[in-house]
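First the structure, in the form of structure tokens, and then the observations on it.
Read the numbers this way: they start at 1 and go in the same order the structure lists the ligands and their atoms. Computation of the quantities below employed the complete heavy-atom set of this structure, encompassing side-chain atoms and omitting hydrogens, waters and symmetry-equivalent molecules.
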Amino acid sequence: MRVPFIAGNWKMNTTVDEAVKLVSEMHPGLEKITSVDKVVCPPFVSLAAVKELIKGSSTKLGAQNLYFAEKGAYTGEISPLMLADLCQFVIIGHSERRQYFGEAGEIISKKVQAALRVKLIPILCVGEKLEENEAGRTREVVAEQLRSSLAGINEADGLIIAYEPIWAIGTGKAATGEQANETIGFIRQSITKLYSDSIAQNIRILYGGSVNSANVTEFISQPEIDGALVGGASLKADEFVGIVKQTAEIKSITK
Ligand code: PEP
């Protein structure tokens, strides 16, 4: 049984004070819902403060990126060891990292390996561009991203994958539930081929791209979709709690 999973990617938003305020607003509502794994991913500089606020609770913490080296002369980077003390999850290969910072296969695979070495759970993002989608290349693109990002990784247990079509991120133009379910089913088949059927059946695969409290049920009611990676809507406490709450309700019905 895959436990539903909702993560909020705050991206480069919130000062430390704003992050503390936001998590204080959403935390009581999140704590009432125990049948969903809930993760907030604030900017690096707010991780320590948010950690203090949610200490000992069922709401978990994630980072939005990491560098693969443990330490050294990499000015401005954050290492897996630094994060391992602070949080449990880390987003890797987000399309904004791919698009604006040139991240691709080999770097992403090194980051996934680095995270796993310190027992951080990677939330690995994959997804196609609009033109690739329109050219009918979604499966080909996603399969290649999975292959290159997971190269050299023998143990995929515990990994979380987020399917985020780039044309749906931050655009207000979400995929349909059926579209997302179809591609996520394909990702699961790809994991079977790369690893095994039992790993594919256990791995949680999320949808991400303009999810909000008004459309989350369309995604969550799909059998292959185990949760959501939420950007913009995770910056509003009511919205994020609403998404988690609806996920708990829908998944308890469709179990
Ligand atoms: C994201 O940042 O991963 C994301 C899906 O953003 P949004 O929900 O704003 O589209």
- Query: Salt bridge or not for Glu18 and Lys21, using N-O below 4.0 Å?
  - Reply: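 Salt bridge between Glu18 and Lys21, a charged N being under 4.0 Å from a carboxylate O: no.
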
- Message: Could you check whether Arg139 pairs with Glu182 (Lys NZ or Arg NE/NH1/NH2 to Asp/Glu carboxylate O, under 4.0 Å)?
- Response: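 Looking at Glu182 together with Arg139, the answer is yes, because their closest N to O distance falls below 4.0 Å.
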
Identify all N/O pairs between ligand 1 and the protein with a separation under 3.5 Å and present them as a table of atom names and distances.
| from | atom 1 | to | atom 2 | distance (Å) |
| --- | --- | --- | --- | --- |
| ligand 1 | 2 (O) | Asn9 | ND2 | 3.1 |
| ligand 1 | 2 (O) | Lys11 | NZ | 2.8 |
| ligand 1 | 2 (O) | His94 | NE2 | 3.1 |
| ligand 1 | 3 (O) | His94 | NE2 | 2.8 |
| ligand 1 | 3 (O) | Glu164 | OE1 | 3.0 |
| ligand 1 | 3 (O) | Glu164 | OE2 | 2.7 |
| ligand 1 | 6 (O) | Lys11 | NZ | 3.3 |
| ligand 1 | 8 (O) | Ser210 | N | 3.4 |
| ligand 1 | 8 (O) | Gly231 | N | 2.8 |
| ligand 1 | 9 (O) | Gly232 | N | 2.8 |
| ligand 1 | 10 (O) | Gly170 | N | 2.6 |
| ligand 1 | 10 (O) | Ser210 | N | 2.8 |

- Item | Polar side-chain atom of Gln64 near backbone of Asn9 as donor-acceptor pair, under 3.5 Å |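 Pair absent, no side-chain N/O of Gln64 close to backbone of Asn9.
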
- Task: Test side chain to side chain donor-acceptor pair (under 3.5 Å) on Thr138 and Glu132 and set out the steps.
- Result: CA-CA 6 Å; Thr138 300; Glu132 293 165 338; over 6 Å; no

Just list the side-chain donor-acceptor pairs under 3.5 Å for residues 74-84, sequence neighbours left out, or say none.
| from | atom 1 | to | atom 2 | distance (Å) |
| --- | --- | --- | --- | --- |
| Ser79 | OG | Glu70 | O | 2.9 |
| Ser79 | OG | Leu81 | N | 3.2 |
| Ser79 | OG | Met82 | N | 3.3 |

- Applying the side-chain contact (heavy atoms from CB on, under 4.5 Å) test to Ile243, which of Ile6, Asn215, Ile220 qualifies?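 Among Ile6, Asn215, Ile220, the one that satisfies the side-chain contact (heavy atoms from CB on, under 4.5 Å) with Ile243 is Ile6.
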
